[in-house]
Amino acid sequence: MSGIQTIDPTTEDLIVTYDLMSEDEAVGRVEACHRAFEDWRRMSHAERAPVLRDVAASLRENSDKLARLMTRETGKLLRDGAREVELCAAIFDYTAEHGPELLADEERTHSGGEKSGIVAYCPIGVVYSIQPWNFPVYQPVRVLAANLMAGNGVVLKHAGICTGSGLLLREICVKAGLPEDLFQVVIVDHDTSDRIIEHPLVRGVTMTGSDGAGSHIGAQAAKNLKKSVLELGSNDAYLVLEDADVALAVKTCVTGRLFNNGETCVSAKRFVVTDKVYDAFMSDFVEQMQAIRMGDPTDDDTELGPLASKEQFETVSKQVSESVANGATILCGGTPPDGKGYFYPATVLADCKPGMPAYDDEIFGPVAAVIRAKDDEDAMRIANDSRYGLGGGIFCGDEERAVRLARDHFDTGMVRINSFGAADPNMPFGGVKDSGFGREHGGFGMKEFVNVKAIYRA
């Protein structure tokens, strides 16, 4: 394949064809990024901050343009695209405000407290960022903002289907005043990407995507002794405990499952409902999922747009079919409409058990897998019965009890109590088990790719 095509998932029309870069061209981008890094690293954190603020302002100025392109490339609701751009601007603002303090030198003592020393958070160079399509601006930005503040350069390999969004993001950053070569975008195939990981000027690798892809990229980075951060898939469980506010749980779980057309790593996917409230929850949950309006993602009344690609549509369809073949029951949805576009309806699967995709795997689409639990203890057991551990949620009348369960028993990186949300600049983002390792946001991402340097005074 000599190029990458972007396709509008609503109409199935071709948007643009992009030529793949040669390995020499891609390496040239890495080398240019490194040269820009050599100048950028000499600036103080306080001097970098205004550039990040200018990028935030430029993102807001270009919000409509970015949102419309994201909708055209991936089918996300237009209003969700606008919210995504605002989140990205907030991340740049947060990083500009807090980065200088979080990355400041620390005074420490050594030799039994008799002598002083410094811990310095020094930039390391070029960070290679491999990102997926479900949040075409947010995914690159959460890496970009943190590493720019730390003093690094970033080379982005974006998912092919949102190539235009990645290029537009770079254009906006450069026009806002970011040094032109400090943030590069490469359009390459997987083999060339692997060779970029091997390049000696690449000092760190970060990737968001499936656990299978993460395993490969993590192995490539480790083989070349490169630090990596991996944010991988998940099958987040949302527990509806015996004393839960059922109405709140239903409303929130519908939102959590359908957010971003169901194509979110931390969306609610498995719904573990205790026997005591199962019937009440299911009655309203199915009714509300059935009522979801699917259609043109640019229409204000639309609640569910198309899946992002033909490949994604086929994957979700196959996962549902295999789950049903293994005993799952379709309570609503499950049958895509005729006509153009990669539309898949809001779907509820009951009787989900181990051995079927709805229980074991991540379904990246608007499909809810419901699992009945005997009681609260059984619900927590089922929640942790997963190779994944990114996020999750607990609906419980006793908030302090829910916090204890989240802290002491829920084997995930993030837990929501009586609520749903995707990310916040002030809170760490990341998971455990097959959901990867490393943290972004909350200041943690700024220290993932730095040289924590010990300086001993005599």
Side-chain angles (χ1 to χ4, degrees), residues 1-4 18-43 48 51 55 122-132 136-137 139-160 162-174 177-209 213-214 216-231 438 440 445-446 448-451:
M1 178 173 143
S2 60
I4 290 174
Y18 298 92
D19 292 331
L20 288 173
M21 293 178 177
S22 66
E23 184 175 345
D24 286 346
E25 186 178 2
V27 167
R29 300 292 175 97
V30 173
E31 292 170 344
C33 184
H34 179 78
R35 289 192 294 271
F37 153 74
E38 291 286 12
D39 292 331
W40 184 253
R41 70 182 301 178
R42 296 186 180 95
M43 296 173 65
R48 295 174 196 142
V51 181
V55 171
C122 302
I124 58 174
V126 176
V127 175
Y128 185 39
S129 175
I130 303 169
Q131 298 301 328
V137 179
Q139 297 285 7
V141 159
R142 73 185 190 196
V143 173
L144 181 63
N147 281 286
L148 291 176
M149 176 52 70
N152 297 322
V154 176
V155 173
L156 168 67
K157 177 195 178 298
H158 217 334
C162 60
T163 298
S165 295
L167 293 171
L168 180 55
L169 172 63
R170 179 181 179 275
E171 178 184 319
I172 289 169
C173 290
V174 171
L178 190 70
E180 185 169 1
D181 290 326
L182 193 63
F183 173 35
Q184 292 283 356
V185 177
V186 293
I187 305 171
V188 297
D189 59 20
H190 294 307
D191 290 340
T192 302
S193 180
D194 284 351
R195 288 191 284 276
I196 290 173
I197 294 173
E198 296 172 358
H199 196 283
L201 290 180
V202 170
R203 296 290 299 274
V205 180
T206 182
M207 176 263 185
T208 299
H216 172 81
I217 289 166
Q220 289 295 113
K223 185 173 71 173
N224 290 278
L225 302 179
K226 309 285 178 75
K227 167 73 181 290
S228 64
V229 169
L230 302 176
E231 193 273 282
E440 296 168 310
M446 293 184 230
E448 285 286 1
F449 293 105
V450 293
N451 174 12

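The chain is numbered in sequence order, starting from 1.
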Novice: Using every non-hydrogen atom in the two residues, find where V185 and L167 come nearest and quote the distance to one decimal.
Specialist: CG1-CD2, 3.9 Å
Novice: Please report the interatomic distance SG(C162) to CG(L168), rounded to the nearest 0.5 Å.
Specialist: 11.5 Å
Novice: Quick check: closest heavy atoms across R170 and F183, and the distance to 0.1 Å?
Specialist: NE-O, 2.7 Å
Novice: What's the spacing between K157 NZ and D189 CG if we round to 0.5 Å?
Specialist: 8.5 Å
Novice: Measuring from E180:CD to C173:SG, what's the distance to the nearest 0.5 Å?
Specialist: 12.0 Å
Novice: Quick one: closest heavy-atom pair of I217 and M207, and the distance?
Specialist: CD1-CG, 3.6 Å
Novice: For the backbone of Q220 and the side chain of K226, can you confirm whether one donor and one acceptor N or O come within less than 3.5 Å of each other?
Specialist: no
Novice: Can you measure from OG1 (T192) to CD1 (I187) and round to the nearest 0.5 angstrom?
Specialist: 12.5 Å
Novice: Any side-chain heavy-atom pair from E231 and R142 closer than 4.5 angstrom?
Specialist: yes
Novice: Just do the side-chain contact (heavy atoms from CB on, under 4.5 Å) check on R48 and L148 with the steps written out, would you?
Specialist: CA-CA 8 Å; R48 295 174 196 142; L148 291 176; over 6 Å; no
Novice: Looking only at atom types and distance, does a side-chain atom of S165 sit under 3.5 Å from a main-chain N or O of V137, one as donor and one as acceptor?
Specialist: no
Novice: What closest approach, in Å, do V186 and I196 show between heavy atoms, and which atom pair accounts for it?
Specialist: CG2-CD1, 4.1 Å
Novice: Output the distance between atom CD1 (I130) and atom NE2 (H158), rounded to the nearest 0.5 Å.
Specialist: 12.5 Å
Novice: Can you name the residues that form a side chain to side chain donor-acceptor pair (under 3.5 Å) with R195, not counting sequence neighbours?
Specialist: E23
Novice: Is there a donor-acceptor contact under 3.5 Å from the side chain of K227 to the main chain of F449?
Specialist: no
Novice: Between E440 and T206, is any pair of side-chain heavy atoms under 4.5 Å apart?
Specialist: yes
Novice: Taking side chain as C-beta onward, heavy atoms only, is Q131 less than 4.5 Å from V143?
Specialist: yes
Novice: Give the C-alpha distance, both sets of side-chain angles, the deciding distance and a yes or no for side-chain contact (heavy atoms from CB on, under 4.5 Å) between R29 and M21.
Specialist: CA-CA 10 Å; R29 300 292 175 97; M21 293 178 177; 3.3 Å; yes
Novice: Excluding sequence neighbours, so at least two apart, what forms salt bridge (charged side-chain N to carboxylate O under 4.0 Å, His left out) with E31?
Specialist: none
Novice: So, for W40 and L182, which heavy atoms are closest and what is the spacing to 0.1 Å?
Specialist: CD2-CD2, 3.3 Å
Novice: How many angstroms lie between NE2 in H216 and CG in D194, if you round to the nearest 0.5 Å?
Specialist: 3.5 Å
Novice: Does D39 reach the side chain of P179, with side-chain heavy atoms less than 4.5 Å apart?
Specialist: no
Novice: Is any side-chain heavy atom of L201 less than 4.5 Å from a side-chain heavy atom of F37?
Specialist: no
Novice: By side chain to side chain donor-acceptor pair (under 3.5 Å), which residues pair with Q184, not counting sequence neighbours?
Specialist: D181
Novice: What's the shortest heavy-atom distance between S129 and V154, and which atoms?
Specialist: CB-CG1, 4.0 Å
Novice: Taking side chain as C-beta onward, heavy atoms only, is L20 less than 4.5 Å from I4?
Specialist: yes
Novice: When you measure from the side chain of N152 to the backbone of G125, do you find a donor-acceptor pair of N or O atoms at a distance under 3.5 Å?
Specialist: yes
